[in-house]
Amino acid sequence: MIKLLIVEDEQAISDLIVMNLTRAGYKCTALYNGKDAADLLEENQNFDLILLDIMLPEINGYELMEYIRPMGIPVIFITAMASLDNRIKGLTSGAEDYIVKPFEIVELLARINIVLRRYNKTDTILEYKDLVIDTENRIVTRANEEIKLTPKEFDLFVLFVRNKNITLFKDKIFETIWESEWQPESRTVDLHVQRLRKKLDLKNDLKTAYSTGYRLSE
């Protein structure tokens, strides 16, 4: 299981991140100040990724980044500091990405997945009920029988599985999977969801949410 360290001093934000990342299948450890994070990393460097706030008590995120960098653990800054200077400072300090609060969980999960792929640390096998998803070979099976999906259908199903019980809005789905700006009149997402429901027998699991998005329930 992929292990994440979340260093965020606002407990409400930390709890929300931990809840959603745990649902997505990650093992999370949460700390609320930089000194505690430094002390933990002195004893245990067995983390695949660190989500790091900048404005932390005792030791700030930039200072902690100097401590983390020799360990080779990838870092994503999550911060309210939105200025260009801060973004540049964060990225040039060695972080893999820089996310400004407030952010949507689906965006955070997508950014996490990109960084983990870059470091070859993603779980290659995912499961949803009786379906097994081999993300390395891009195959979905049920009872050892392959179910043929198009590349976009596969990517969409993985997105839903990594975001179980989270409502994903159509614009964010489209921008994540198709990597272009969503047009409100587009039926692309709806048609792909319909095909997934049929091919994977998900009509009772992949639910429409308020006509604005979809949620894979478990």
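Numbers for residues simply follow the sequence, beginning at 1. Just so we're clear, the structure is a prediction, and the values are computed from it rather than from any experiment.
Here CG of Leu216 is found 9.5 Å from CG of Asn163. Values are rounded to the nearest 0.5 Å. Taking OG1 of Thr79 as the start and CE of Met55 as the end, the distance is 7.5 Å to the nearest 0.5 Å. Taken to the nearest 0.5 Å, the CD1 atom of Ile54 stands 8.0 Å off from the CG atom of Asn60. Distance check: Asp155 CG to Ile173 CD1 gives 13.0 Å after rounding to the nearest 0.5 Å. For the atom pair CZ (Arg111) and CD (Glu96), the distance works out to 12.5 Å, reported to the nearest 0.5 Å. Residue Leu202 holds its CG atom at 11.5 Å from NZ of Lys207, rounded to the nearest 0.5 Å.
Here Arg69 pairs with Met65, Glu66 under the side chain to side chain contact (heavy atoms under 4.5 Å, CB included) rule; sequence neighbours left out. Lys203 pairs by the side-chain hydrogen bond (donor to acceptor under 3.5 Å, both in side chains) definition with nothing, not counting sequence neighbours. Under the side chain to side chain contact (heavy atoms under 4.5 Å, CB included) criterion, Met19 pairs with Leu16, Arg23, sequence neighbours left out. Partners of Glu127 under the side chain to side chain contact (heavy atoms under 4.5 Å, CB included) rule, at least two apart in sequence or in another chain, are Val132. Under the rule for a side-chain hydrogen bond (donor to acceptor under 3.5 Å, both in side chains), Thr212 has no partner lying at least two apart in sequence or in another chain.
Annotation for Lys89: atom NZ does not count as buried by contact number, only 12 or fewer foreign heavy atoms lying within 6.0 Å. More than 12 heavy atoms of other residues, nucleotides or ligands lie within 6.0 Å of CE in Met71, so this atom counts as buried by the packing criterion. In this structure, Lys164 places its NZ atom where more than 12 heavy-atom neighbours from other residues, nucleotides or ligands lie under 6.0 Å away.
For the pair Leu49 and Leu116, the minimum side-chain heavy-atom distance is below 4.5 Å. When side chains are defined from C-beta on, Ile78 counts as touching Ile17, because their heavy atoms get closer than 4.5 Å. At least one side-chain heavy atom of Ile73 sits less than 4.5 Å from a side-chain heavy atom of Leu41. At least one side-chain heavy atom of Leu21 sits less than 4.5 Å from a side-chain heavy atom of Ile112.
Lys152 contributes a side-chain N or O that, together with a main-chain N or O of Ile177, makes up a donor-acceptor pair within less than 3.5 Å.
The hydrophobic clustering, which links ILVMFWY residues whose side-chain heavy atoms are closer than 4.5 Å, places Val115 and Leu109 together. Note: the hydrophobic cluster containing Ile166 also contains Ile99 (ILVMFWY, side chain heavy atoms under 4.5 Å, direct or indirect links). Residues Leu51 and Tyr62 do not share a hydrophobic cluster, defined by chaining ILVMFWY side chains whose heavy atoms lie under 4.5 Å apart.
For the ring-ring contact (aromatic ring centres under 6.0 Å, His included) with His192, the qualifying choice from Phe157, Tyr214, Trp178, Phe154 is Trp178, the only one to do so.
A salt bridge links Asp39 with Lys35: at least one charged nitrogen is closer than 4.0 Å to a carboxylate oxygen. Taking 4.0 Å as the cut-off between side-chain N and carboxylate O, Lys129 and Asp205 count as a salt-bridged pair.
Remark: aromatic rings of Tyr210 and Phe169 are distant, center separation not under 6.0 Å.
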Exercise. Can Asp48 and Tyr119 be said to form a side-chain contact (heavy atoms from CB on, under 4.5 Å), step by step?
Worked result: CA-CA 9 Å; Asp48 298 294; Tyr119 278 75; over 6 Å; no
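With side-chain heavy atoms closer than 4.5 Å counting as contact, directly or through intermediates, the hydrophobic cluster containing Ile88 also holds Leu84.
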